[in-house]
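A short worksheet on the structure shown next.
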Amino acid sequence: MTRTIMTMSKGILYIGAITACLASTPALAQIRVEISPPAAYIATATPVYYEGRPSYWYGNQWHYRDGRSWRTYREEPAHLREYRGRHEDRRHYYGRAHEGGYRHR
């Protein structure tokens, strides 16, 4: 009797494990893509302070630092939109031009 119960228990466990594997949701990729301003951009850009933290306009979105990671506003806050409308990008590019000289961008 005990042997029959053990065999049935194993069978139920195996069926349960197989069912769980087949019914599980597909695995998601373990890669997290973060779009954040590069360090060279941060070094040359003037931050715009919103909600007490510096924000940067990069890649047509506003980004801000949250601890060790970057966050992006899903919708552009009105204050930042107004700021962007009043100010143009005033950074300068001092890299080499195609002609071999340096140019102002």
Side-chain angles (χ1 to χ4, degrees):
M1 180 80 164
T2 308
R3 190 175 195 99
T4 306
I5 293 174
M6 283 288 257
T7 305
M8 287 177 58
S9 298
K10 285 183 182 178
I12 291 172
L13 284 175
Y14 290 141
I15 291 172
I18 292 171
T19 304
C21 290
L22 295 175
S24 66
T25 58
L28 300 175
Q30 298 299 316
I31 299 172
R32 182 176 172 189
V33 177
E34 285 188 21
I35 299 173
S36 61
Y41 178 86
I42 299 301
T44 60
T46 304
V48 179
Y49 285 86
Y50 178 70
E51 295 182 336
R53 61 180 153 238
S55 301
Y56 300 89
W57 177 253
Y58 177 77
N60 293 325
Q61 292 180 319
W62 286 101
H63 303 274
Y64 63 93
R65 196 89 173 152
D66 184 21
R68 296 182 68 185
S69 61
W70 286 94
R71 304 278 184 215
T72 303
Y73 290 105
R74 289 185 182 187
E75 294 182 22
E76 186 175 16
H79 172 73
L80 296 175
R81 182 175 42 251
E82 290 170 10
Y83 177 88
R84 193 167 53 86
R86 290 190 311 256
H87 299 84
E88 62 185 58
D89 188 10
R90 297 182 183 176
R91 291 177 299 114
H92 300 283
Y93 175 74
Y94 296 105
R96 293 186 67 100
H98 294 311
E99 300 83 37
Y102 289 89
R103 63 184 169 90
H104 172 65
R105 180 157 86 167

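Values below: every heavy atom of this structure, side chains too, minus hydrogens, waters and symmetry copies. Residues: numbered from 1 along the sequence shown.
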Original post:
Which atom names give the shortest non-hydrogen contact between His63 and Tyr58, and what distance separates them?
Top reply: NE2-O, 2.9 Å
Subject >> Pairs where residues 40-61 contributes a residue and the test salt bridge (Lys or Arg N to Asp or Glu O under 4.0 Å) is met, not counting sequence neighbours >> reply: Glu51-Arg53
Subject >> Selection residues 57-66 - residue pairs positive for salt bridge (Lys or Arg N to Asp or Glu O under 4.0 Å), sequence neighbours left out >> reply: Asp66-Arg71
Original post:
Using the benzene-type ring in the case of Trp, are the ring centres of Tyr50 and Tyr83 under 6.0 Å apart?
Top reply: no
**OP:** Check salt bridge (Lys or Arg N to Asp or Glu O under 4.0 Å) between Glu76 and all other residues, then give those that pass, not counting sequence neighbours.
**Re:**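 By the salt bridge (Lys or Arg N to Asp or Glu O under 4.0 Å) rule, Glu76 matches Arg84.
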**OP:** Using the test ring pair (Phe, Tyr, Trp, His ring centres under 6.0 Å), find all partners of Tyr49 that sit at least two apart in sequence or belong to another chain.
**Re:**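 Per chain and number, Tyr49 pairs via ring pair (Phe, Tyr, Trp, His ring centres under 6.0 Å) with no residue.
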Original post:
What distance separates Tyr56 OH from Tyr64 OH, expressed to the nearest 0.5 Å?
Top reply: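 OH of Tyr64 is found 14.0 Å from OH of Tyr56.
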**OP:** Tell me, please, which residues at least two apart from Asn60 pass side-chain contact (heavy atoms from CB on, under 4.5 Å).
**Re:**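 Scan of Asn60 (side-chain contact (heavy atoms from CB on, under 4.5 Å), adjacent residues dropped) gives Trp57.
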